[in-house]
Amino acid sequence: MGLGQTIRNSQLWKSIFRHPAPLDRRNRIVVMLTNFFLHLHPVSIKKQGIALSYTWCMGGVTFFLFLVETVTGVLLMFYYRPTTEWAYRDIQNLADVTSLGIMRELHRWGAHAMVITVWLHMYRVFLTGSYKPPREFNWVVGVILLVLTLLLSFTGYLLPWDQLAIWAITVGSNMARATPLLGHEGPGQQLLTLGGVDLITNMSDARYVLLGAREVANETLNRFYVLHCIAIPLAVATLLAIHFWRVRKDGGISGPL
Amino acid sequence: MHGYDPAFEKAVAEFLGIYYLGLAALNAGAAYWLWQKLHKVRDAVVWLAVALGFVVLAAVSMGGAPWGLPHGLRELLNTIFTGNRGAVIFTLGSFALLVILFRFRRFFVRPRVAWTILNLSLLYLGLSMTSRPFWEIVAKPDNVPIVALAFLLGFFTWLATYKAVQNDERIKQGLPPLEKEDSEKVLVWPDLVYTELICMLALTAVLLFWAIFIKAPLEQPANRADTPNPSKAPWYFLGLQEMLVYYDPWMAGVVLPTFIILGLMAIPYIDFNKKGNGYYTIEERKFAYSMFQIGFLQLWVVLIILGTFLRGPNWNFFGPYEPWDAHKVLVLNNVNLSEYFWIDLMGMSVPEGILAREWLGIVLLIAYLFLLPPILAATIFRQFFIKMGFIRYMIMIQLLLWMLLLPIKMVLRWTINLKYIIAIPEWFFNF
């Protein structure tokens, strides 16, 4: 009996993998049903449903990039302190001092790529009419995921705390100042008064809520850090689970009826 | 502006050497594939010759003096695409191009034609790189993904159109779409899981190469006192920043983005067409297809490319080879509709009261949003209205009208320098 055979017959191995290797038809079916990670997939699928020329693999690529961002992001969190005092220097040290500082490059380029692939995924789903019944609701979930992807990238943009970061966020968040009703320079904000006192000022409007201050400052950095590392990823992970589950429940990947 | 700079010349020459070698490999690969798999020897010879041409370009570049576009041509392009006129020509030109590509899609999807266009655009990109202003913007690390986006969108649009044209031809002959032919079932292990594994490995390799060869940028530490010019939002929001030229922030930054998101979500509920579900087709869903492409390609992606590469200091438009001069002044005398009406037409001064002053714009806007839908429902959208019902139709038409507000305002700005249709700065309500 060879070493491989001994390992595969050991109690330890068998406690993890409860069925033989997926080498024959029966075990190829069994593995899809018994493995936690694989059971996202169906057991069998129409050939056209996995043709790259049909799917472009863009949904899968986006999900993979989300995982890459999670892993590289966690590693970056070990080094990075989200305060105006340290943020810039920590990023600088990633390039100059830290081993595996390339995680920052992977994280940044992965983020750009994820924005592009999520758009391409939407593009493909539209062009194949895959949002049509019964998949309407999953398209809606997908649109929310697309918006969250942009917000993930937007909140991450601020963290290096360099000129590019604060001015891009300043330009991007200036618009919130003009939110109808809720921005202090937005149409209709005069309507929200209480006993003659303006409720919407530059200390209480939508932009202030977003930034935590009247301008992009230390509070903003903290706020964006929490959104970037915890709040939005949790929302994305939850919606991703629903998105994948609905693909299965709505009849698997789309194809001609 | 720029004198001779050895560091720049060297960087460009090195980059172009590798770039042209890559293009040579691409064409050689295509030639090999045509010869071995498709047995099209004549085509293979043509692309092999193109590959050799790129090898020559690579050798010249590595020699230190890469070829660029002729000076006269650059100047001509700069003259055409400059200032306020440049934005008009770029926006209208890209729209005309999309219309032509769509109208003659049967011709443009032919692999031979598409491959030629790809080669020409890559060659144009290479030849332009020797211009320093062009290089500094296109080769900026954060802009590389946008160049990639343009080519990826080009490729995938070609692929989808290629399949749609084939399917449309089949449907005309009474055959099912090509996707139907492959409805035989296969096991996910190994067919799908191995594809996924290979995709993951390939993507990891791409990301690693990207991360090794292009450093993530880090500018000077944040400084509130020093506003860079231009100040740009992150690239995926540059379409919105471009809208700021035409609309105030409450529209461009809040209302229109909200409509974009809600409109995208509404698509499955307003598209009542049951055909075209699960395969590529254009003929069976022409209206939905063209509206989406206008929204996505023209009003989103084209504006991002415009905002990234051609908008410089003070958000002025610059030609592709024009240095970004912060002192360039473009005179714009934009006029409100109320001023046109009261001063130019009536020969009076503008009245004091807000309603008296802005009544024409308000009437026009109300007519556009509330009178136009029933008129359209009774005329060109008659069939839609009958099939969709009142609520669905109203949602669809409102989304459509709000989307079209952007091109309408663009054209009004370009033609009669219109600033605001309704100008009520007292209420922060400029429209």
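Chain identifiers are assigned alphabetically (A, B, ...) following the order of the sequence lines, protein sequences preceding nucleic acid strands; residue numbering begins at 1 within each chain.
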Problem - Note, L197(B) side chain near V193(B) side chain (heavy atom, < 4.5 Å) - result: no
Exercise for the section: Among the options E284(B), K274(B), K275(B), K180(B), pick out the one with the most heavy-atom pairs lying under 4.5 Å from chain A. Expected result: K180(B)
Handout entry: Heavy-atom pair count under 4.5 Å with chain A, highest-scoring of W250(B), W427(B), F428(B), W300(B)
Key = F428(B)
Completion exercise
When the 4.5 angstrom heavy-atom criterion is applied to K232(B) and chain A, the contacting part is backbone
Exercise for the section: Select one option (side chain, backbone, both, neither) describing which atoms of V147(A) are under 4.5 Å from chain B's heavy atoms. Expected result: side chain
Exercise for the section: Test F431(B) against Y247(B) for ring-ring contact (aromatic ring centres under 6.0 Å, His included), laying out the working first. Expected result: CA-CA 7 Å; F431(B) 182 82; Y247(B) 280 108; 5.7 Å; yes
Exercise for the section: Tell me, out of C199(B), A288(B), S183(B), A160(B), who's got the most heavy-atom pairs with chain A below 4.5 Å. Expected result: S183(B)
Problem - Residue, of G255(A), G172(A), S254(A), that accumulates the most heavy atom pairs under 4.5 Å with chain B - result: G255(A)
Exercise for the section: Identify which part of L164(A) has an atom lying under 4.5 Å from any heavy atom of chain B, answering side chain, backbone, both or neither. Expected result: both
Problem - Residues D168(B) and T281(B): side-chain donor-acceptor under 3.5 angstrom - result: yes
Exercise for the section: Please state whether the rings of W210(B) and W109(A) are parallel, tilted or perpendicular, taking 30° and 60° as the class boundaries. Expected result: parallel
Problem - Interchain contact, Q190(A) with chain B, by part (heavy-atom threshold 4.5 Å) - result: side chain
Problem - Pi-cation contact, F102(B) with R105(B) (under 6.0 Å, within 45°) - result: yes
Exercise for the section: Determine whether the side chains of T128(A) and Y279(B) contain a donor N or O and an acceptor N or O closer than 3.5 Å. Expected result: no
Practice task
Give the intermediate values and the outcome of ring-ring contact (aromatic ring centres under 6.0 Å, His included) for residues W161(A) and Y88(A).
Solution key: CA-CA 5 Å; W161(A) 202 248; Y88(A) 184 79; 9.8 Å; no
Handout entry: Under 4.5 Å from a heavy atom of chain A, the part of L264(B) involved
Key = both
Fill in the blank from the handout: Honestly, the part of Y236(B) sitting under 4.5 Å from a heavy atom of chain A is both
Practice task
Mind ranking D248(B), L203(B), D142(B) by heavy-atom pairs under 4.5 Å with chain A and telling me who comes out on top?
Solution key: D142(B)
Exercise for the section: Determine the sole option in L221(A), D90(A), I169(A), L76(A) for which the side-chain contact (heavy atoms from CB on, under 4.5 Å) test with L159(A) is passed. Expected result: L221(A)
Practice task
Name the region of V255(B), side chain, backbone, both or neither, that has any atom closer than 4.5 Å to a heavy atom of chain A.
Solution key: side chain
Fill in the blank from the handout: Okay, F156(B) and chain A: the region with an atom under 4.5 Å from a heavy atom over there is both
Practice task
Step by step, work out the side chain to side chain donor-acceptor pair (under 3.5 Å) result for N27(A) and D24(A).
Solution key: CA-CA 6 Å; N27(A) 285 311; D24(A) 53 33; 3.1 Å; yes
Exercise for the section: Measure distances from E196(B) to the heavy atoms of chain A and classify the residue's part below 4.5 Å as side chain, backbone, both or neither. Expected result: side chain
Fill in the blank from the handout: Answer key: most heavy-atom pairs under 4.5 Å with chain B among G183(A), P42(A), G49(A) is P42(A)
Practice task
Tell me, for I260(B) versus chain A, whether the close heavy atoms (under 4.5 Å) come from the side chain, the backbone, both or neither.
Solution key: neither
Problem - Interface moiety of V125(A) toward chain B, non-hydrogen atoms closer than 4.5 Å - result: neither
Problem - Proximity breakdown for T157(B) and chain A, heavy-atom pairs closer than 4.5 Å - result: both
Exercise for the section: Look at V301(B), I212(B), I214(B), D191(B) and state which one has the largest set of heavy-atom pairs under 4.5 Å with chain A. Expected result: I214(B)
Exercise for the section: Heavy-atom distances under 4.5 Å only: say whether L238(B) touches chain A with side chain, backbone, both or neither. Expected result: neither
Practice task
Kindly check if the number of other-residue, nucleotide or ligand heavy atoms within 6.0 Å of CZ (F151(B)) is above 12?
Solution key: yes
Exercise for the section: Heavy-atom distances under 4.5 Å only: say whether D271(B) touches chain A with side chain, backbone, both or neither. Expected result: side chain
Practice task
May I ask you to check if R124(A) and Y54(A) form a cation-pi contact, with NZ or CZ under 6.0 angstrom from the six-membered ring centre and within 45° of the axis?
Solution key: yes
Practice task
Answer whether the closest heavy-atom distance between the side chains of W139(A) and R135(A) falls below 4.5 Å.
Solution key: no
Fill in the blank from the handout: With chain A, the option among P257(B), P177(B), P141(B), P217(B) that has the most non-hydrogen atom pairs under 4.5 Å is P217(B)
Practice task
Please say whether more than 12 non-hydrogen atoms of neighbouring residues, nucleotides or ligands are located less than 6.0 Å from CZ in R26(A).
Solution key: no
Practice task
Answer yes or no: is there a side-chain heavy-atom contact under 4.5 Å between P180(A) and V254(B)?
Solution key: yes
Exercise for the section: Counting only heavy atoms closer than 4.5 Å, note whether L208(B) contacts chain A via side chain, backbone, both or neither. Expected result: both
Completion exercise
Under 4.5 Å to a heavy atom of chain A? For T161(B) that would be neither
